[in-house]
**Q** 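Can you keep this structure in mind? I'll have questions shortly.
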Amino acid sequence: MNTTGRSRKRFPLSLRRKPVAWHEQEPTWRDAAPRVIDAALKRAQARPAGNWYVLGPSRDVRPDAAYGRTVDGTEVVAWRDAEGGLVAGPGACPHLGAPLARSPVRCGTLVCHWHGLALDGAPFAGWSPLPAHDDGVLAWVRLDDRGGAEPTDTPPVPRRPPAATAVTAVYTGTGVCEPQDIIANRLDPWHGAWFHPYSFADLTVLDQAAGTPGTPDHDAFTVRVSFTLARRVVVPVIAEFTAPGPRTVVMRITEGEGRGSVVETHATPLGTARDGRPRTRVTEAVIAASDRPGFALARTAAPLLRPLMRHAAGRLWKDDLAYAERRWQLRSAGRFPG
Ligand code: FES
Ligand SMILES: [Fe+2]
């Protein structure tokens, strides 16, 4: 798709001349062929993640408290060391197994609340840290025995707009499904205007490029879509969906308002819950950028904007988790179509 040469409009909003009623829009089910989505999912699953998993929003790992998560059945605790660096490791105390996620952190040292064993992030008393990475937006942990792949020094963090010019918000939610159900939902862009009419309109998938393995940037769904502000007032953009890893889908706005902004969706398997069903955590980072002069002002209002951005993502994910959970239910019962 050639997008060069198109001039960017000064005013980001458009008025839909003839809004199409929800039931009169063009059906997308023929294009959203299960085999196309499945093939895109398989290509994503074949990409390496270096055994890295998103642990959660970086700002949730605070200096004064431990942060606990079960990742693919492994109990992990994280906290900030004395310099503010991210530390992660096994979540059970090496002494008698206390849940370290409930222990306090004092001056960068986690102190077990059962008998006072102190961990400063270095190996001690049989406890050893896990490789951890803070990319400024998300906290990651590397679990080599779970990932089972060739480990890499750093996680595959997608290309983002510079932090200094962006507003960032992170949504988290949990679904009864596996990571592939979350990823398959994101690799079905055709559902956008049908399933989320409150957010999207006039959606057309312009291009489906199934690139060669190892070149994820060339394997993308390119979508023209309008974000709905009111029934007739929309923000038209062109966006590209890529899956740079087996548990990540990135939507990047390539044309229109907010060009360069990304929405990263990361699916982290938590493990099997007591009800015998899997749980998967969605961590979605919206990194909004704009070169409009007014956006500098928006950045100063970021603390106010973040809850709104999270709210918008939460509304979409309420539906998308239902989609992913439904997909898992049908798959686990051997009734998934396609
Ligand atoms: S269980 Fe942690 S110090 Fe005893
Ligand atoms: Fe969706």
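Remember, it's 1-based here, ligands and their atoms both numbered in the order they're listed. Fair warning: this is a prediction, and the values are worked out from it, not measured in the lab.
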**Q** Does the gap between the ring centers of W190 and F221 come in under 6.0 Å?
**A** yes

**Q** Could you tell me which atoms of ligand 1, counted from 1 in the order shown, lie closer than 4.0 angstrom to a heavy atom of C112?
**A**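 Under 4.0 Å from C112, ligand 1 has these atoms: 1 (S), 2 (Fe), 3 (S).
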
**Q** Going by an N to O cut-off under 4.0 Å, is there a salt bridge joining R80 and D134?
**A**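 Counted as a salt bridge, because a side-chain N and a carboxylate O are separated by less than 4.0 Å.
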
**Q** Could you identify the single nearest non-hydrogen protein atom to atom 1 (S) of ligand 1 and state the distance to 0.1 Å?
**A**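 Among all protein heavy atoms, the one nearest atom 1 (S) of ligand 1 is L96 N, 3.4 Å.
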
**Q** For ligand 1, which atoms sit closer than 4.0 Å to a heavy atom of A98?
**A**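 The list of qualifying atoms is 1 (S).
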
**Q** Is it true that R146 and D144 have a side-chain N and a carboxylate O under 4.0 angstrom from each other?
**A** no

**Q** If you take all heavy atoms of V205 and P189, which pair is closest and at what distance?
**A** CG2-CG, 4.0 Å

**Q** Kindly report the NE2-the Fe ion (ligand 2)-OD1 angle for H196 and D320 respectively, rounded to 10°.
**A** 90°

**Q** Is the shortest side-chain N to carboxylate O distance from E264 to R160 below 4.0 Å?
**A** yes

**Q** Kindly confirm or rule out a cation-pi arrangement of R186 over F241, judged by NZ or CZ under 6.0 Å from the six-membered ring centre and within 45° of its axis?
**A** no

**Q** I need the ND1(H95)-atom 4 (Fe) of ligand 1-ND1(H115) angle, rounded to 10 degrees.
**A**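 About 90° at atom 4 (Fe) of ligand 1.
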
**Q** What are the atoms of ligand 1, with element, lying closer than 4.0 Å to any heavy atom of C93?
**A** 1 (S), 2 (Fe), 3 (S)

**Q** Could you tell me, atom by atom, which parts of ligand 1 come under 4.0 Å of a heavy atom of L117?
**A** 3 (S)

